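Hydrogens, waters and symmetry mates play no part in the numbers below; they use all other heavy atoms, side chains included. Computed from a prediction, not measured in an experiment: that's the story for all the values here. FYI, the numbering just counts along the sequence from 1.
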Amino acid sequence: MAYGLLRRLTIAWGFSLFLLLNGAVIGWVRGEAWWLWGAFLLLAGLVASLRAAFYRDSRLVREPLSPEAVVPLTAVAACGITLALVAYGGRVSETAWWGVVFSELAPDSLRFTVGLTGVLLLVGMVRLLRPARFAPLAWDAATRSRIAALGGLAPREADGAVFGEGERAGFAFLRREGVWLALGDPAGERKDAISAIWRFRDLCERAGVDAAFWRVGPAYLRVYADIGLHAVPLREREGETPRYLALRAERDLESLRPLLPPEMRRAAEELERSRAA
């Protein structure tokens with residue numbers, strides 16, 4: 001669950017809430033002290049209040065059910081049933097599953113089976129909770145028109161575009177050595193814009209490069225912080241909306257300026273000269 005919660009997945013939020021409530025009910029039925037099942041309810045209330053922070057779909061929800069998804073789903077179901085059967089019978093019924101693996105009361109075959117089942121369960125859950133896969137769109141006339149229609153930056157030169165899961169928000173980006181630079185905030189519906197930011201982050205992670213966002217406003221600074229980016233204020237003319245460069249802390253503004261398209265680089269340099277004057 002921690003893996004899914006870290007990536008703001010809705011399904012991980014739902015499962016976490018279910019498990020906490022289930023633990024509270026089991027503790028109450030078994031006659032445990034009130035503070036024990038009360039702690040579960042308190043945590044469940046805190047998790048429920050954070051619903052807005054979990055806005056991403058996992059591949060289990062977003063993608064069509066395929067053999068690649070059926071295998072971990074079946075493994076999770078089978079492993080969960082197996083561990084439940086072990087928990088409700090035998091001399092180790094009161095022992096946690098990882099305790100069974102090291103218990104001298106259990107036969108070697110049971111210890112091996114429970115250990116393998118536990119590992120398969122964890123691997124299957126991680127695979128099911130991975131974010132939905134996607135591919136960026138090529139930068140052509142149609143894609144540029146879509147970005148422009150949403151109100152985003154649509155330069156003549158770009159290497160691709162990323163849209164949100166609902167395709168109601170998106171932005172253009174540039175591929176450079178070691179960093180992919182998004183051009184401005186995602187334009188479009190706010191919820192879909194947030195998913196577009198996270199999709200770009202996942203895309204950069206798979207490609208082994210850093211993500212950066214050029215000339216973003218204050219609206220999504222918290223989301224950029226969630227994906228590990230630091231906002232550096234850019235110099236603007238007096239009275240204009242503050243703009244930022246969101247990037248990894250180890251990078252700096254001057255190293256990214258040459259990566260911009262020519263027309264945007266000239267505009268940035270003119271703005272710097274006007275501020276200096």
Side-chain angles (χ1 to χ4, degrees), residues 6-8 56-57 59 62-63 130-189 192-217 219-234 243-272:
L6 183 63
R7 282 157 176 77
R8 303 293 195 269
R56 306 181 67 205
D57 290 333
R59 57 183 306 198
R62 194 68 183 178
E63 297 179 356
R130 286 190 303 177
R133 294 175 298 175
F134 69 98
L137 296 182
W139 189 251
D140 52 25
T143 304
R144 185 182 180 191
S145 298
R146 288 182 62 184
I147 295 294
L150 291 171
L153 292 174
R156 291 190 299 271
E157 298 179 14
D159 295 310
V162 172
F163 287 87
E165 292 169 352
E167 297 192 350
R168 294 184 295 273
F171 55 86
F173 71 92
L174 303 170
R175 290 188 179 100
R176 297 295 186 265
E177 184 178 357
V179 61
W180 289 7
L181 184 64
L183 304 179
D185 285 317
E189 183 182 298
D192 210 41
I194 293 175
S195 72
I197 294 172
W198 274 94
R199 293 182 106 188
F200 185 65
R201 180 259 185 200
D202 293 339
L203 186 66
C204 293
E205 184 179 57
R206 289 204 303 268
V209 298
D210 289 339
F213 287 77
W214 171 259
R215 288 185 61 79
V216 298
Y220 298 106
L221 290 184
R222 180 178 178 182
V223 182
Y224 297 130
D226 284 344
I227 66 173
L229 301 184
H230 173 66
V232 178
L234 299 175
R243 295 292 174 181
Y244 303 85
L245 173 65
L247 72 169
R248 295 287 183 185
E250 59 270 18
R251 292 192 175 270
D252 59 77
L253 174 60
E254 295 303 323
S255 66
L256 291 180
R257 191 190 303 278
L259 306 181
L260 295 171
E263 67 268 24
M264 297 182 68
R265 187 163 60 245
R266 286 194 298 269
E269 290 171 354
E270 291 174 0
L271 182 58
E272 289 292 330

Pairwise side-chain hydrogen bond (donor to acceptor under 3.5 Å, both in side chains) hits with a residue in residues 140-155, at least two apart: D140-T143

Drop me the distance from I194's CD1 to I227's CD1, to the nearest 0.5 angstrom. 11.5 Å

Tightest non-hydrogen contact, residues G184 and V216, listed as C-CG1, 3.9 Å

All heavy atoms of G152 vs all of A187, minimum pair found to be N-CB, 3.3 Å

Here's a test for you: under side chain to side chain contact (heavy atoms under 4.5 Å, CB included), which of L174, V162, L203 qualifies with W180? L203

Do P186 and R199 have side chains that get closer than 4.5 Å, going by heavy atoms? no

Below 30° counts as parallel, above 60° as perpendicular, anything between as tilted: where do the rings of F200 and F213 land? perpendicular

Kindly give the heavy-atom pair with the smallest separation between L183 and P155, and that separation in Å. CD1-CG, 3.4 Å

Considering only heavy atoms from C-beta outward, does the side chain of W139 approach that of I147 to under 4.5 Å? yes

Taking C-beta and beyond as the side chain, do F163 and D192 meet within less than 4.5 Å on heavy atoms? no

Heavy-atom side-chain proximity of L153 to F171 below 4.5 angstrom: no

R248 versus L229, closest heavy-atom pair with distance: N-CD2, 3.9 Å

Are any non-hydrogen side-chain atoms of L247 and D210 less than 4.5 angstrom apart? no

Check whether any side-chain heavy atom of R215 lies under 4.5 Å from a side-chain heavy atom of L245, and answer yes or no. no

Could you tell me which residues satisfy side chain to side chain donor-acceptor pair (under 3.5 Å) with Y224, sequence neighbours excluded, listed by chain and number? D185

Can you confirm whether D159 sits close enough to R176 that some side-chain heavy atom of one is under 4.5 Å from a side-chain heavy atom of the other? yes

